[in-house]
Amino acid sequence: MIYDMHVHFAELHRHAATDRFLVRTPNFYMQVFLRKLGLDRSLLQHPNANEILRQKLFDWINGS
């Protein structure tokens, strides 16, 4: 079976509205995304969160 999908990657800690939606408030979709990548919500506070998320996402895609 072939899956065709895409991802919108929002930079964390770059825009107040993005951070409010993804980092500060509990967000169901972000929780699912993080869980699928094997990450904890506390990562969102990490200074290198964007790089860590990007690498995990690439690894997940390459491993599929």
Side-chain angles (χ1 to χ4, degrees):
M1 181 177 288
I2 297 173
Y3 293 96
D4 182 14
M5 60 183 278
H6 72 275
V7 174
H8 294 261
F9 196 87
E11 292 283 328
L12 303 173
H13 312 297
R14 301 264 194 241
H15 191 275
T18 301
D19 282 355
R20 185 171 46 255
F21 181 69
L22 297 176
V23 178
R24 293 188 197 121
T25 59
N27 181 296
F28 173 77
Y29 299 104
M30 185 55 120
Q31 283 297 108
V32 170
F33 177 70
L34 291 171
R35 191 176 315 122
K36 285 289 187 186
L37 294 177
L39 300 170
D40 187 75
R41 183 170 170 74
S42 64
L43 170 76
L44 300 178
Q45 304 303 324
H46 193 282
N48 294 326
N50 291 312
E51 291 77 21
I52 294 168
L53 283 168
R54 191 176 299 115
Q55 187 60 52
K56 283 293 241 179
L57 182 61
F58 289 155
D59 292 346
W60 188 48
I61 291 169
N62 287 331
S64 68

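A quick note: this is a predicted structure, and the numbers were derived from the prediction, not measured. For the numbers below, each heavy atom of this structure counts, side chains included, while hydrogens, waters and symmetry mates do not. Sequence positions, counted from 1, serve as the residue numbers for this chain.
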*Which of these, Leu39, Asp40, Ile52, sits in a side-chain contact (heavy atoms from CB on, under 4.5 Å) with His46?*
Ile52

*asked:* To check you understand the geometry: which heavy-atom pair defines the closest contact between Arg41 and Leu34, and what is its length?
replied: CA-CD1, 3.7 Å

_Rounded to the nearest 0.5 Å, what separates atom CG in Asn62 from atom CD in Gln55?_
8.5 Å

